[in-house]
Amino acid sequence: MSSSSEPTGQPAWAAVPADWPRTEAEATAVQERLRGGVDASSAAILPGDPGLMVGVDVAYDDERDLVAAAAVALDARGLARVAQATAVGRVSFPYVPGLLAFREIPTVLAALDRLGHTPDLVVCDGYGLAHPRRFGLASHLGVITGLPTIGVAKSPFVFRHDSPGPRRGDASPLWDGTQEVGRALRTQPGVKPVFVSVGHRMTLDVACAHALHLSPRYRLPETTRAADAACRRALAALAREHG
DNA sequence: GCGACAG
DNA sequence: ATCTTGTCGC
């Protein structure tokens with residue numbers, strides 16, 4: 001047993017599953033197998049509903065082959081912090097565009113387990129359906145956990161888009177041919193847009209509304225900002241303890 | 001074949 | 001992601 005005087009608690013250790021994909025071919029096969037499980041037909045939670053909005057993010061120390069993940073729960077009404085948890089582990093996959101989930105998910109799952117609350121929405125750093133195989137990180141995490149998820153990415157990936165209007169809330173589609181798979185969304189006036197896509201149990205309109213609601217002051221959602229800070233702190237603490 | 005390419 | 005100096009602004 002361990003006592004925690006830290007407000008955040010000690011990080012959980014995240015083991016990489018023995019059957020985790022090791023090659024790109026194995027990883028893409030997993031995506032092809034799971035992608036049918038995505039539900040984008042309706043939104044499990046609406047902005048304004050009570051509930052817990054959970055941001056997840058990951059920080060890396062490739063030198064030491066370490067990952068730290070954080071899950072931070074904010075009250076949907078008022079965005080006050082309710083709980084947070086962190087986890088650390090070994091890097092489970094190299095960075096390959098399109099296969100980000102295999103790098104982040106084991107540690108993120110450990111942090112979510114440790115949270116002690118069931119999220120009503122998980123906000124991921126990256127993409128969901130706006131992905132080469134329609135199964136980015138947010139969708140993958142959603143299908144594995146069964147939780148509603150959205151992706152909010154900081155930079156464009158594979159799909160083209162026009163610049164959204166200058167006002168907060170202005171958006172323009174991310175096109176995969178003639179299909180809208182995501183949206184470039186202006187969360188703050190005069191600031192670069194973010195890129196929103198559905199993860200699981202969510203629609204694009206509602207995903208954008210959540211992203212906007214979660215970003216009252218800065219470009220990025222408060223969930224993402226909180227999770228980013230928390231996983232960086234966890235990684236720094238880990239490097240401090242060891243060498 | 002070459003470049004681009006979430007984090 | 002991470003590395004990094006200064007700079008502009010509240």
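Side chains included, hydrogens not; waters and symmetry mates left out as well; all remaining heavy atoms used. Numbered from 1 within each chain, the chains take letters A, B, ... in sequence-line order. For clarity, every value in this text was computed on a predicted model and none was experimentally measured.
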Expected output is a numbered-order residue list: members of residues 170-193 of chain A with a heavy atom under 4.0 Å from any atom of DNA chain B. What is it? none
Under 3.5 Å, sequence neighbours excluded: what are the donor-acceptor pairs made by side chains of residues 171-178 of chain A?
residue: A:Ser172; atom: OG; partner: A:Asp162; partner atom: O; Å: 2.4
residue: A:Asp176; atom: OD2; partner: A:Arg134; partner atom: NH1; Å: 2.4
residue: A:Asp176; atom: OD2; partner: A:Arg134; partner atom: NH2; Å: 3.4

Is there a path of hydrophobic side-chain contacts, each under 4.5 Å between heavy atoms of I/L/V/M/F/W/Y residues, joining A:Val158 to A:Leu204? no
How would you list, by chain and number, every residue that makes a side-chain hydrogen bond (donor to acceptor under 3.5 Å, both in side chains) with A:Gln31, sequence neighbours excluded? A:Arg133
With a 3.5 Å distance limit and no angle check, can you tell me whether A:Thr107 reaches the backbone of A:Val88 through a side-chain donor-acceptor pair? no
Give the residues of residues 11-19 of chain A touching DNA chain B, defined as any heavy atom closer than 4.0 Å, sorted by residue number. none
Answer with base, sugar-phosphate or nothing: what part of the nucleic acid does A:Gly98 contact at a heavy-atom distance below 4.0 Å? base
Length of the CZ-P vector between A:Phe93 and B:dA6, whole Å: 16 Å
Give DNA chain C the dot-bracket treatment, 5' to 3': Watson-Crick (N1-N3 with N6-O4 or O6-N4) or G-U (N1-O2, O6-N3) under 3.5 Å, [ ] crossing, | other strand. ..........
Can you check the A:Leu100 CG to B:dA6 P distance for me, whole Å? 9 Å
Main-chain N/O of A:Leu212 paired to A:Arg168 side chain as donor or acceptor, under 3.5 Å: yes
Any N/O pairs under 3.5 Å between the protein and nucleotides 1-7 of chain C? List them or say none.
residue: C:dA1; atom: OP2; partner: A:Lys154; partner atom: NZ; Å: 2.8
residue: C:dT2; atom: OP1; partner: A:Tyr60; partner atom: N; Å: 3.3

Interatomic distance where OH belongs to A:Tyr218 and P belongs to C:dG9 [whole Å]: 17 Å
Taking only N and O in the side chain of A:Ser155, is any of them less than 4.0 Å away from OP1 or OP2 of B:dC5? no
Could you check if a side-chain atom of A:Pro11 sits within less than 4.5 angstrom of a side-chain atom of A:Leu238, using non-hydrogen atoms only? no
Mind checking which stems touch DNA chain B? I mean at least 3 consecutive Watson-Crick or G-U pairs, both distances under 3.5 Å. none
Donor-acceptor contact present, side-chain A:Ser92 to main-chain A:Phe102, <3.5 Å: yes
Listed once per pair and sorted, the side-chain hydrogen bond (donor to acceptor under 3.5 Å, both in side chains) pairs that draw on residues 189-218 of chain A, sequence neighbours left out: A:Arg183-A:Asp205
Measure the OH-CD distance between A:Tyr60 and A:Glu104 for me, rounded to the nearest 0.5 Å. 3.5 Å
Do A:Asp75 side-chain atoms and A:Gly78 backbone N/O form a donor-acceptor pair below 3.5 Å? no
Could you give me the CA-CA distance, side-chain angles and deciding distance for A:Ile105 and A:Leu137, then say whether side chain to side chain contact (heavy atoms under 4.5 Å, CB included) is met? CA-CA 8 Å; A:Ile105 278 185; A:Leu137 167 65; 4.0 Å; yes
For A:Phe195 and B:dA6, give me the distance from atom CZ to atom P, rounded to whole Å. 11 Å
Write down the distance between CD (A:Glu24) and C1' (B:dC5), rounded to a whole number of angstrom. 12 Å
By salt bridge (charged side-chain N to carboxylate O under 4.0 Å, His left out) - contacts of A:Glu24 (at least two apart): none
Take atom CZ of A:Arg103 and atom P of B:dC5, then tell me their distance rounded to the nearest Å. 18 Å
Output all residues satisfying salt bridge (charged side-chain N to carboxylate O under 4.0 Å, His left out) with A:Asp120, sequence neighbours left out; order by chain, then residue number. none
Please answer: with hydrophobic residues joined when any side-chain heavy atoms are less than 4.5 Å apart, are A:Ile45 and A:Val152 in the same cluster? yes
Below 4.5 Å, heavy atoms only, C-beta onward: do A:Leu99 and A:Thr28 meet side chain to side chain? yes
Spacing of A:Phe159 atom CZ relative to B:dA6 atom C1', expressed in whole Å: 11 Å
Between the main-chain N or O of A:Phe135 and the side-chain N or O of A:Arg35, is there a donor-acceptor pair closer than 3.5 Å? no
For the pair A:Glu222 and A:Leu214, evaluate side chain to side chain contact (heavy atoms under 4.5 Å, CB included) and give the outcome as yes or no after the intermediate values. CA-CA 6 Å; A:Glu222 291 301 312; A:Leu214 291 168; 5.5 Å; no
Quick one, which residues of residues 129-139 of chain A touch DNA chain B with a heavy atom under 4.0 Å? A:His131, A:Gly136, A:Leu137
Would A:Leu235 end up clustered with A:Trp13 when hydrophobic side chains under 4.5 Å apart are linked, directly or stepwise? yes
Which residues pass the side chain to side chain contact (heavy atoms under 4.5 Å, CB included) test with A:Ala12, sequence neighbours left out? A:Ala87, A:Arg114
